[in-house]
Colleague: 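This structure is in structure tokens; I'll ask about it shortly.
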2 protein chains.
Amino acid sequence: MSPRPAHPELSATLIEAAARLLAEEGPGALSTRRLAAEAGTSTMAVYTYFGGMDDLVRAMVREGFTMLNDRMSAVAETGDPASDVAALGLAYRRNALEHRHLYGVMFGGSNLAGFRLTDEDRQHGRYTLEILVKTVARCMAAGRFSAGDAELVAHQMWIAVHGLVTLELGGYLVEPYDADTCFDAQIRSLLIAAGDEIAAATQSAAASRTRPDVQPLAAGRP
Amino acid sequence: MSPRPAHPELSATLIEAAARLLAEEGPGALSTRRLAAEAGTSTMAVYTYFGGMDDLVRAMVREGFTMLNDRMSAVAETGDPASDVAALGLAYRRNALEHRHLYGVMFGGSNLAGFRLTDEDRQHGRYTLEILVKTVARCMAAGRFSAGDAELVAHQMWIAVHGLVTLELGGYLVEPYDADTCFDAQIRSLLIAAGDEIAAATQSAAASRTRPDVQPLAAGRP
DNA sequence: CACTTTGCATATCGTCGTTATATAACACTG
DNA sequence: CAGTGTTATATAACGACGATATGCAAAGTG
């Protein structure tokens, strides 16, 4: 179906240029002509290597999914699984903020030149949840969460953080209810609803956020 | 700034046609030429009445905000404020599903022909929260929720339902964790986190959903 | 009546994604 | 080495897009 690149070097260059253009100048800057100029080639390269703009965007989206997955996988597994859940949420949010336009294409349904996701693409997105599901299951096994459907709880957390991120990217979260405040509140609510009594006892989650991708929610933990 | 329509008839016809095209054929169908053909006029009408495609989209978005606001305002105020909160969430979701493409433009940052929201537009979106804030405050006053920041709780609910709706519209919520299941779970979690003991005691929220825009969460209520 | 203003159709410009065509580089056969 | 088929890329072109300029007819005004 999709033509395999014979010279993967130029193919990678195109994806890199596309990602850079999308990140730095937004979706409006992504065009075959602009892309060709940036990569030092002609517009035909897009078609010989990818078959069209759609498939190039699709390849970029796939890279975005693996980046997100790498980011989630890099979150250290500590002895406090509930803290790990919060850290995963923060990692998810940070990845979205760093690749905001790409995130919009991946999950927000941002119509990039009429681009539409396929079910296969979405499957890559759902795959990201597996790390979160496992961590939630660890919370339940450790008695930190009340026993239940780990996958459903993971979905809830995904939905909540995704909602936060999209509203944040859309500019809808402003002071005093800015994204940081709401993020802490969302994580806290999810932990409480999952049955985490320690989170329920914690006064506020807006403490120091020094460690990267880790929420200080488990500050009162032994 | 924005030119006032001298013949509001054609202006309304254009907005209607644009809304219909967006709803029925998606963002790709919205073009000045197509719009002119549907309205039986020329492409110039878009510029004389609105000043450009951007402003026409803006006018449509504004209509979308008032539609959403009307929908939320139409939710009956019952004696059970927690049930009203859930009903508002369902009304929000139903409005988004009925105007899915418009919702994407309003909140999802869907780039419709390079269209970008202004802060004034976003203010219209935030205004919708006021109804929810009042209802949450009623919950707190009635002792149904533990006392706290009603505006923050309303934001949390907004974020959660918005996240659900966008993932639902993006096709990311499939069985067995489909949108209905996740919606019930989100509402339930929010009520529990807000301190609603009745919701916490309720086994599941996935009971009969017969009454329009009303969640049966308060089934165990006197 | 003449004169200005207004509303909309037509034609045009530059850019978009895409395709057709032409050319140049390559691999292989004899 | 010549000849041949394949592949990669550049160039040019097509239809459609948003936007603008121009032109013209109807309405308004003295």
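Letters A, B, ... mirror the listed sequences (proteins, then strands); counts begin at 1.
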Colleague: Output every pair passing salt bridge (Lys or Arg N to Asp or Glu O under 4.0 Å) with a member in residues 165-174 of chain A, not counting sequence neighbours, ordered by first then second residue.
Modeller: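 Output for this query lists R93(A)-E168(A).
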Colleague: Between S73(B) and D70(B), is any side-chain donor less than 3.5 angstrom from a side-chain acceptor?
Modeller: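 Judged by distance alone, the side chains do not pair up.
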Colleague: What's the CZ-C1' distance between F50(B) and dG18(D), to the nearest Å?
Modeller: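 Taking CZ of F50(B) and C1' of dG18(D), I get 16 Å after rounding.
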Colleague: Kindly determine whether L169(B) and L97(B) satisfy side-chain contact (heavy atoms from CB on, under 4.5 Å), including the steps that lead there.
Modeller: CA-CA 7 Å; L169(B) 293 180; L97(B) 294 181; 3.7 Å; yes
Colleague: Taking only residues two or more places apart in sequence, or in another chain, which ones meet E98(A) in a salt bridge (charged side-chain N to carboxylate O under 4.0 Å, His left out)?
Modeller: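 Checked E98(A) against salt bridge (charged side-chain N to carboxylate O under 4.0 Å, His left out); matches are R71(A).
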Colleague: Using atom CG of L30(A) as one end and atom P of dC16(C) as the other, report the distance to the nearest whole Å.
Modeller: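 L30(A) atom CG is separated from dC16(C) atom P by 11 Å.
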Colleague: Residues in ring-ring contact (aromatic ring centres under 6.0 Å, His included) with H101(B), at least two apart?
Modeller: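 Checked H101(B) against ring-ring contact (aromatic ring centres under 6.0 Å, His included); zero matches.
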Colleague: I'd like to check the ring-ring contact (aromatic ring centres under 6.0 Å, His included) partners of Y103(A); sequence neighbours left out, ordered by chain and number.
Modeller: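 ring-ring contact (aromatic ring centres under 6.0 Å, His included) list for Y103(A), sorted by chain: Y92(A), F107(A), H162(A).
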Colleague: CG of L35(A) versus P of dC16(C): gap in Å, rounded?
Modeller: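 In whole Å, dC16(C) P lies 11 Å from L35(A) CG.
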Colleague: I want to check something: taking the side chain as every heavy atom from C-beta on, are E120(A) and R62(A) in contact at a cut-off of under 4.5 Å?
Modeller: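 Heavy-atom side-chain distance check passes, below 4.5 Å.
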Colleague: Taking only nitrogen or oxygen atoms into account, show me every contact under 3.5 Å that the protein makes with nucleotides 18-27 of chain C, one pair per line with its distance.
Modeller:
unit_1, atom_1, unit_2, atom_2, d
dT18(C), OP2, Y47(A), OH, 3.2
dT18(C), OP2, M53(A), N, 3.0
dT18(C), O5', Y47(A), OH, 3.4

Colleague: Measure the spacing between CG of L117(A) and OG of S110(A) and express it to the nearest 0.5 Å.
Modeller: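 Answer rounded to 0.5 Å: 10.5 Å.
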Colleague: Assign S42(A) to base, sugar-phosphate, or nothing according to its heavy-atom contacts below 4.0 angstrom with the strands shown.
Modeller: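 Answer is base: heavy atoms of S42(A) come under 4.0 Å of a base.
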Colleague: Tell me, which of residues 14-27 of chain B have any heavy atom that sits under 4.0 Å from an atom in DNA chain D?
Modeller: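 Correct list: empty, so none.
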Colleague: For dC17(D), does OP1 or OP2 lie under 4.0 Å from any side-chain N or O of S31(B)?
Modeller: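 So the side chain of S31(B) is within the cut-off, an N or O lying under 4.0 Å from OP1 or OP2 of dC17(D).
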